[in-house]
Trainee: 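This is the structure, below, for whatever I ask next.
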Amino acid sequence: SRQQGSATKADEVAKPRIAVIVKSLANEFFVNMADGTRQHHAENSDSYELILNGIKDEAALAEQVALVEQMIALRVDVIVLAPADSKALIPIVRRATAQGIVVINIDNQLDAALIAEAGINVPFVGPDNREGAKKVGDYLAKDLNAGDEVAIIGGISTAFNAQQREQGFEDAMASVGANIISVQDGSWHQAEASTIASALIAEHPNLKALLCSNDNMAIGAVAAVRQAGKTGQIQVVGFDNISATHELLQGGDMLATADQYGHQLAVYGIEYALQILNDGTVPDDYKTPVDLITASDL
Amino acid sequence: MPQPDEKVPLTQRTGIFRGEYFGLLGALLALILFFSVQSEYFFSVLTFTTLANQIPSLTVIAVGMTFVLIIAGIDLSVGSVMALSGSVLGLALLDMNAPLWFAGILCLMTGLACGAFNGLVVTRWSVPSFIVTLGMLEIARGGAYLVTGSQTKYIGSTVESVSAPLPGINLSPALFVAIATVVLGQLLLSRTVFGRRMIAVGTNEEAVHLSGVNVSRIKLMVFSLAGLLAGLGGLFQVGYLQSADPNAGIGLELSAIAAVVVGGTSLSGGKGSVVNTLLGVLIIAVLQTGLAQIGATEPMKRVITGLVIIAAVILDVYRNRSGGIGSYFKRFFKS
Amino acid sequence: MPQPDEKVPLTQRTGIFRGEYFGLLGALLALILFFSVQSEYFFSVLTFTTLANQIPSLTVIAVGMTFVLIIAGIDLSVGSVMALSGSVLGLALLDMNAPLWFAGILCLMTGLACGAFNGLVVTRWSVPSFIVTLGMLEIARGGAYLVTGSQTKYIGSTVESVSAPLPGINLSPALFVAIATVVLGQLLLSRTVFGRRMIAVGTNEEAVHLSGVNVSRIKLMVFSLAGLLAGLGGLFQVGYLQSADPNAGIGLELSAIAAVVVGGTSLSGGKGSVVNTLLGVLIIAVLQTGLAQIGATEPMKRVITGLVIIAAVILDVYRNRSGGIGSYFKRFFKS
Amino acid sequence: MSAKLLSVSELHKRYAVPVLEGVNFDVAPGQVHALVGANGAGKTTLCRIICGLTPHDAGNMQIEGIAYHPESVVDAEGHGVRIVMQEPHLIDTLSIGENLFFSELPKRRGVIDFDRLYDQSRRALESIGLQGLDPKQNVGSLGIGQRQLIEIARVLIHPCRILILDEPTAALTDPQIDLLFKKIEELKAQGTGIIYVSHRISEFKRIADDITVLKNGQSVSTSRVADLNADEIVRLMAGDLEQGQQQAILSDISSAIRVRNLSDSLLNNVNLDIHYGEILGLAGLIGSGRTELLRAIFGADRIDDGHLMLEDCDDQLIFESPQEGIRHGIGLIPEDRSRQGLLQDRSITSNMSLASMQNFRQALGWIDKEMEQTSVEAYRQKLEINCTGISQSVSELSGGNQQKVIISRWLMKDCKVLLFDEPTRGIDIQTREAIYRLLYDLAAQGKAIVIVSSEIQELTTICDRIAVLSNGQLTADFQRDEWSAEKIMAASFSAYTDDAAA
Ligand SMILES: Nc1ncnc2c1ncn2[C@@H]1O[C@H](COP(=O)(O)OP(=O)(O)OP(=O)(O)O)[C@@H](O)[C@H]1O
Ligand SMILES: Nc1ncnc2c1ncn2[C@@H]1O[C@H](COP(=O)(O)OP(=O)(O)OP(=O)(O)O)[C@@H](O)[C@H]1O
Ligand SMILES: [Mg+2]
Ligand SMILES: [Mg+2]
């Protein structure tokens with residue numbers, strides 16, 4: 001799938017080279033994003049070269065900054081970036097733009113105020129996590145009454161999207177008056193989430209729902225619910241719509257999740273970039289859809 | 001310097017209620033007491049059965065790690081190998097439609113193969129096990145991503161039988177297997193020729209070599225066993241979560257080593273106990289569950305976990321010194 | 001096994017171009033060659049200056065780790081301590097409006113304090129350093145979350161001067177400090193009384209103790225130094241990111257140890273070289289950069305990294321055996 | 001005819017330099033063949049070759065006329081060749097019994113039969129006079145003498161055709177030596193051929209039949225022991241020796257250390273005066289507490305009761321650590337060089353200067369390498385350390401030369417009080433004389449010297465005074481004209497109520 005480099009040197013004149021830097025390539029969401037990107041490239045291999053990279057996990061900030069630097073060193077024309085942090089990547093983005101590289105921000109929006117302060121123009125293409133999480137939370141809220149006990153198992157608490165999703169869940173719970181008895185950090189992983197969920201179930205016999213900031217943690221929570229013999233009594237919702245949740249949704253173990261269409265996210269970014277390269281116009285930010293997924297959508 | 005507990009006569013050394021458990025048991029009981037006071041629901045059957053059903057995979061992996069540390073090696077790859085084995089299990093069940101017993105064997109064999117690779121490189125080229133298993137940590141993780149296409153595979157109730165609580169007792173078959181592993185592991189270590197040779201290799205490899213015992217074979221077998229047990233841990237984990245997650249077990253190597261070392265096994269080899277490892281696992285598991293139940297914030301969880309790990313071992317050091325609390329217990333028990 | 005560097009006459013042992021570097025240099029050059037062939041842009045000044053500006057924090061931390069491994073200890077806390085020190089730096093700059101020099105000193109002192117804590121617990125209660133620093137790994141990470149409120153703190157150009165490339169040469173001040181650390185570290189190790197004693201402690205602690213040397217003091221100083229250097233790494237890191245990230249350095253301990261061990265320092269103590277550690281750092285950095293530049297997939301990155309780590313050490317083992325490629329180079333160089 | 005059980009011809013071996021350059025000798029069944037030679041002459045190397053530990057470069061070996069080229073220890077054992085090595089190779093974390101029967105632990109239904117193991121072990125321990133020891137005790141807590149005995153027992157429990165003993169008595173006291181010799185007589189009667197390496201020439205007369213002298217890697221002569229006297233043996237291996245001269249005792253002996261009421265787990269109310277200008281010997285049986293006493297004085301072990309007083313000062317002191325002992329001018333040369341002394345794999349220089357680094361310390365802790373080397377080189381020559389150079393690794397030195405490095409470490413330190421624990425263990429006669437002369441010089445310079453030795457003859461030769469420890473108690477304190485070997489022996493036994501320790 002590697003398409004740049006010496007192989008195409010001969011016939012290449014001025015094909016733009018586009019570097020796509022996502023977060024964890026070990027996470028299904030970004031894997032889908034990468035797959036969509038490769039597919040797009042396969043269909044449009046005449047119009048650009050692709051270098052696709054990711055970091056070890058969402059927390060590896062320095063690694064991502066280093067990747068951007070390396071792409072600058074490679075003198076690519078475009079960097080499509082899903083930043084691991086909305087602020088810390090700004091200095092290096094500024095350096096990239098200063099080198100004349102077009103930078104498109106996808107997935108996780110860079111801090112608008114700092115971007116403005118840095119005096120650069122970086123269009124954003126991506127979903128609103130808070131809104132998506134609220135959609136999921138609202139769907140759950142239909143089954144809840146005021147005062148019902150619910151808990152949130154969040155992602156790594158420093159991550160922007162983790163914070164956004166937590167807030168979305170909280171918005172929805174507030175609207176129905178549910179009682180959020182605990183918000184804990186499951187660091188995006190199944191096993192941690194399952195340990196936390198088990199503890200919450202033991203500690204709060206009246207728990208009605210577990211809101212998880214991604215689907216992997218939801219799977220862990222489902223396992224905990226099952227082990228405690230409370231299937232059906234405690235609802236579980238997630239986020240991301242990874243394929244593994246489909247059966248859980250259909251079987252009623254999970255109530256809902258959200259789809260951000262990761263498959264298309266980077267593609268939008270690439271198309272934006274090609275447009276900028278072609279006619280120099282910088283398009284507006286584009287908010288991609290986030291949709292609620294329940295058993296009936298499958 | 002001679003280790004104080006080395007002077008304890010063997011009759012006591014092999015008995016189940018050895019005085020040396022008291023330090024760790026004390027730490028464990030103190031934790032349980034603390035959380036029981038902090039949370040009204042902690043001290044309940046549900047908490048303990050839940051906890052018991054969560055520990056099997058860490059337990060068997062820690063047993064394997066105990067052996068590796070006893071021969072003065074280290075195995076950093078257990079978490080990744082667990083993920084890879086679980087991924088293979090998922091692949092076999094979902095994509096090959098294999099029956100569970102066959103998929104289970106494949107899963108164990110994957111672990112065994114990774115462990116054997118570790119052992120082979122360690123013995124063949126005398127590369128430090130830290131490096132070999134660090135390499136394997138990366139390789140097996142990469143393998144897990146390849147096998148699953150970097151996706152969590154949902155398997156469903158096909159694998160439920162492994163880790164689902166048995167009706168009536170609410171404990172899972174995995175737990176019984178894990179306990180059997182601990183018992184057999186302790187017997188292997190203290191009662192068999194192989195076990196004594198492991199200890200000897202960890203103490204003075206050259207002396208063992210000179211007495212005509214094949215040191216490489218022992219090392220190879222220990223690393224293979226650790227791999228096999230990591231595979232077993234993968235099986236339990238997949239059964240518990242009913243899905244194969246290529247990101248499973250990240251950082252597990254440190255938890256496993258922590259459990260083993262808290263259990264008094266020396267990192268420099270030649271000394272260790274499987275039963276104590278189980279106590280180490282319990283301390284860590286109770287701590288995690290308890291902190292989650294009292295709803296500690298993430299920073300507090302980290303700080304407390306760190307302090308408890310250090311404190312448990314300090315307590316253990318005191319116990320081993322004459323005159324400490326532990327020796328009081330010891331004397332009490334002997335009389 | 002006899003150490004090669006003991007047999008080489010002193011004049012050569014202290015020379016910069018010792019034969020023993022050839023194994024690692026060979027591995028490094030092979031990697032560079034490989035990536036240069038794979039990617040037309042790899043072999044460029046820009047790639048190398050970029051790489052050079054990325055390594056300072058890993059380099060200084062690996063130097064500290066070299067010392068710790070030489071005294072037969074281990075320090076798992078470096079990544080967390082780096083994050084905590086960086087967080088303190090961020091706090092000082094943002095919330096206390098401290099000047100950079102003062103905030104920098106606070107940052108270094110934080111690292112030093114963590115290291116000193118490690119050293120104190122290790123020496124005072126003879127707790128294995130693995131456990132103490134594993135505890136510190138959790139504690140310092142928790143501390144970093146507390147200090148930053150679990151948020152990445154954006155600092156901006158205030159700290160830029162530390163790690164921004166100097167105009168003209170495109171290399172950062174941090175790089176020069178890191179190189180100075182390597183040079184001073186190597187001199188400390190091979191030319192001073194303290195260095196000699198570190199090596200002796202790692203070889204036979206009891207003999208050193210009976211020779212009237214204060215072993216505890218040496219250990220305490222080495223752990224403190226490792227902490228201080230982790231603080232320095234934190235300073236570089238914050239300068240590089242222009243923000244203080246409480247999640248910085250997760251898993252860094254393993255990278256640092258890998259660099260040190262690839263550089264030929266023994267995990268069982270008594271043997272090591274700071275210059276070789278730098279080569280280890282470079283091998284790992286080149287590998288990461290190269291794999292990113294050729295756009296390798298995540299599974300491939302993992303598998304290749306694992307294999308290269310193992311292969312580099314196997315190469316090193318061969319080099320140390322007589323008759324290997326290394327010894328050819330050695331002979332060549334001597335004549 | 002059965003004249004040759006083992007025959008060795010033209011054996012060659014080189015490491016960095018040639019070590020063996022043509023060794024020839026034969027061992028007949030039922031015969032003890034002694035090997036002597038200076039430190040580094042190649043005795044251990046030769047033994048290692050015969051028992052399959054080290055390959056040789058050239059030459060032939062035959063057992064009963066059949067070519068013999070052992071590829072490993074196991075291979076050699078298959079041919080009935082076994083060795084008691086110079087350094088015990090025991091496993092500290094296992095019990096005595098497990099060590100004794102390590103390669104054939106008795107099993108019942110797959111698990112170790114500990115009852116049988118410890119029965120067997122008890123019998124094996126009795127046969128070497130260690131019936132007082134509990135076979136369940138871990139080996140790690142034993143002193144060097146007991147370790148050496150266990151190493152011997154471990155080998156003797158197996159039948160063998162050829163037995164190699166590499167300095168088996170270096171750390172043993174007389175009762176154990178008698179037992180060992182009895183055992184050797186039994187083996188002789190069974191037709192075992194024995195190769196016996198020792199620096200204690202007096203022993204040869206008692207048990208050896210033939211003797212081969214190694215010099216510079218060559219076997220320079222083989223003859224019947226009966227045909228040689230001790231002086232001739234020494235002359236063959238070392239050339240002429242000047243005998244150590246007993247120096248005139250300083251007239252103004254002053255008190256250096258007064259030990260008062262010292263007690264711990266083993267020591268029982270020990271009172272002892274150590275004087276400047278005097279060489280004090282400490283005699284006693286294995287495990288009598290001699291090492292323990294030295295370590296207690298030095299500060300290496302915690303003591304339960306009692307104190308020290310230095311010189312004429314009446315302050316009651318206890319040293320909490322070796323550092324304190326050293327600060328007060330005391331040095332201890334430990335008995336177990338490999339565990340307590342050597343920095344294996346490090347250079348002779350690093351090893352020797354370990355205790356006196358501050359002498360070579362310049363500004364900023366820089367080492368004055370030139371000064372260090374000069375000083376190390378001086379001691380290398382003084383003690384005739386046989387090596388390729390002072391940067392050679394100590395692991396490559398012969399046992400005796402390693403011992404010399406450790407002794408040099410403390411001579412370099414320049415202490416006022418020097419406690420030597422088995423200083424001449426494994427050192428050849430020639431160097432021994434040199435060390436004795438050194439001790440006389442030190443005493444003459446007014447230093448206080450205490451020597452623990454398992455060889456009574458050594459003590460009676462060099463000491464001005466001999467104190468005897470028995471079961472942790474000080475049972476005698478002889479002046480030069482008062483002692484005799486018999487009296488010392490009697491005092492050594494006197495505090496054991498039963499004969500457990502004999
Ligand atoms: N592994 C080695 N590498 C290099 N040289 C070695 C090695 N082993 C032994 N030697 C050298 O071989 C020579 C003979 O050593 P050996 O141990 O056989 O002497 P020895 O006669 O047993 O002396 P001692 O009476 O001191 O025990 C010594 O000069 C020693 O330095
Ligand atoms: N802390 C201890 N607890 C139990 N036994 C001990 C302890 N320390 C030493 N011993 C035993 O006491 C004995 C006395 O040892 P010590 O080394 O002082 O005797 P020694 O006269 O020097 O004899 P050796 O020839 O064995 O060195 C040792 O054999 C050792 O096994
Ligand atoms: Mg010898
Ligand atoms: Mg002794």
Side-chain angles (χ1 to χ4, degrees), chain A residues 24-32 34-35 54 56-57 151 153-154 156-158 181-205 214-216 219-224 226-230 240 242-249 251 253, chain B residues 35 39-42 44-51 53-54 57-58 90 138 141-142 144-145 148-157 160 163-165 167 170 172 237 239-252 285 288-299 301-302:
Chain A
S24 169
L25 270 181
N27 178 326
E28 185 166 345
F29 176 72
F30 294 104
V31 172
N32 285 338
D35 285 347
K56 211 152 133 188
D57 56 51
I153 302 178
I156 292 174
S157 51
T158 48
I181 41 94
S182 186
V183 180
Q184 297 204 28
D185 179 346
S187 36
W188 301 127
H189 287 138
Q190 284 185 356
E192 275 96 329
S194 146
T195 305
I196 291 170
S198 293
L200 289 171
I201 293 167
E203 182 71 14
H204 304 283
N214 79 356
D215 281 346
N216 264 322
I219 293 174
V222 167
R226 189 174 52 234
Q227 292 271 331
K230 295 220 171 185
D240 277 352
I242 66 173
S243 53
T245 55
H246 294 173
E247 270 186 67
L248 290 173
L249 287 167
D253 294 297
Chain B
F35 287 121
S39 145
E40 59 176 315
Y41 292 99
F42 182 83
S44 67
V45 174
L46 182 59
T47 300
F48 291 113
T49 55
T50 312
L51 209 143
N53 293 334
Q54 278 171 359
S57 78
L58 181 59
E138 299 286 341
R141 183 66 64 191
Y145 292 145
T148 56
S150 303
Q151 300 194 337
T152 304
K153 297 268 179 194
Y154 184 74
I155 296 169
S157 51
E160 201 174 0
S163 296
N170 276 325
S172 67
Q237 178 88 349
Y240 183 77
L241 296 167
Q242 296 190 14
S243 54
D245 174 12
N247 282 312
I250 288 179
L252 186 73
Q288 275 179 1
T289 298
L291 287 173
Q293 288 208 12
I294 65 172
T297 62
E298 183 67 13
K301 278 186 193 170
R302 296 303 196 104

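Here is how names work: the chains are called A, B, and so on, in the same order as the sequence lines, proteins then strands, and each is numbered from 1.
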Trainee: Is there a donor-acceptor pair closer than 3.5 Å between any side-chain N or O of A:Q227 and the backbone N or O of B:S163?
Mentor: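 Between the backbone of B:S163 and the side chain of A:Q227 there is a qualifying donor-acceptor contact (under 3.5 Å).
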Trainee: What part of A:D35 gets closer than 4.5 Å to chain B, counting heavy atoms only: side chain, backbone, both or neither?
Mentor: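 Neither part.
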Trainee: Please look at B:A164 and chain A and tell me whether the side chain, the backbone, both or neither of the residue comes under 4.5 angstrom of a heavy atom of that chain.
Mentor: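 Interface part for B:A164: backbone (N, CA, C, O).
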Trainee: Please look at B:L252 and chain A and tell me whether the side chain, the backbone, both or neither of the residue comes under 4.5 angstrom of a heavy atom of that chain.
Mentor: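 The answer is neither part of B:L252.
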Trainee: Under 3.5 Å, side chain of B:S157 to main-chain N/O of B:E160, donor-acceptor pair present?
Mentor: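 Not confirmed, B:S157 side chain does not pair with B:E160 backbone.
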Trainee: Please look at A:I242 and chain B and tell me whether the side chain, the backbone, both or neither of the residue comes under 4.5 angstrom of a heavy atom of that chain.
Mentor: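 The side chain, not the backbone.
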Trainee: Can you tell which part of B:Y145 gets under 4.5 Å to a heavy atom of chain A, answering side chain, backbone, both or neither?
Mentor: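 Just its side chain gets close to chain A.
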Trainee: Who wins among A:Q190, A:H246, A:E247, A:H204 for the most heavy-atom pairs under 4.5 Å with chain B?
Mentor: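 The answer is A:Q190.
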Trainee: Is A:T195 in contact with chain B via its backbone, its side chain, both, or neither, using a 4.5 Å heavy-atom distance?
Mentor: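 For A:T195, backbone and side chain are both near chain B.
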Trainee: Less than 4.5 Å to any heavy atom of chain A: does that hold for the side chain of B:T152, its backbone, both, or neither?
Mentor: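 For B:T152, the contact with chain A is made by backbone and side chain together.
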Trainee: Within a strict 4.5 Å, meaning less than it, do heavy atoms of the B:T49 and B:P165 side chains meet?
Mentor: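 No; the side chains remain at least 4.5 Å from each other.
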Trainee: Are a donor atom and an acceptor atom from the side chains of A:E28 and A:S243 found within less than 3.5 Å of each other?
Mentor: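 There is such a pair between these side chains.
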Trainee: According to ring pair (Phe, Tyr, Trp, His ring centres under 6.0 Å), who are the partners of B:F35, at least two apart in sequence or on a separate chain?
Mentor: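 Only B:F42 meet the ring pair (Phe, Tyr, Trp, His ring centres under 6.0 Å) criterion with B:F35.
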Trainee: Against chain A, label B:E298 side chain, backbone, both or neither, depending on which of its atoms sit under 4.5 Å from a heavy atom there.
Mentor: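 The side chain, not the backbone.
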Trainee: If I measure from the heavy atoms of chain B, does A:D185 come under 4.5 Å with its side chain, its backbone, both, or neither?
Mentor: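 Interface part for A:D185: both.
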Trainee: Output yes when a side-chain donor or acceptor of B:R141 lies under 3.5 Å from a complementary backbone atom of B:P246, and no otherwise.
Mentor: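 The answer is yes, because a donor-acceptor pair under 3.5 Å joins these two groups.
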Trainee: Checking B:N53 now: which residues fulfil side chain to side chain donor-acceptor pair (under 3.5 Å) with it, not counting sequence neighbours?
Mentor: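 Testing B:N53 for side chain to side chain donor-acceptor pair (under 3.5 Å), a comparison that skips the adjacent residues, returns B:S172.
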Trainee: Tell me, side chain or backbone of B:Q54 under 4.5 Å from chain A's heavy atoms, or both, or neither?
Mentor: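 Contact with chain A involves the side chain of B:Q54 alone.
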Trainee: Can you confirm whether A:L200 sits close enough to A:Q184 that some side-chain heavy atom of one is under 4.5 Å from a side-chain heavy atom of the other?
Mentor: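 Yes; the side chains approach each other to less than 4.5 Å.
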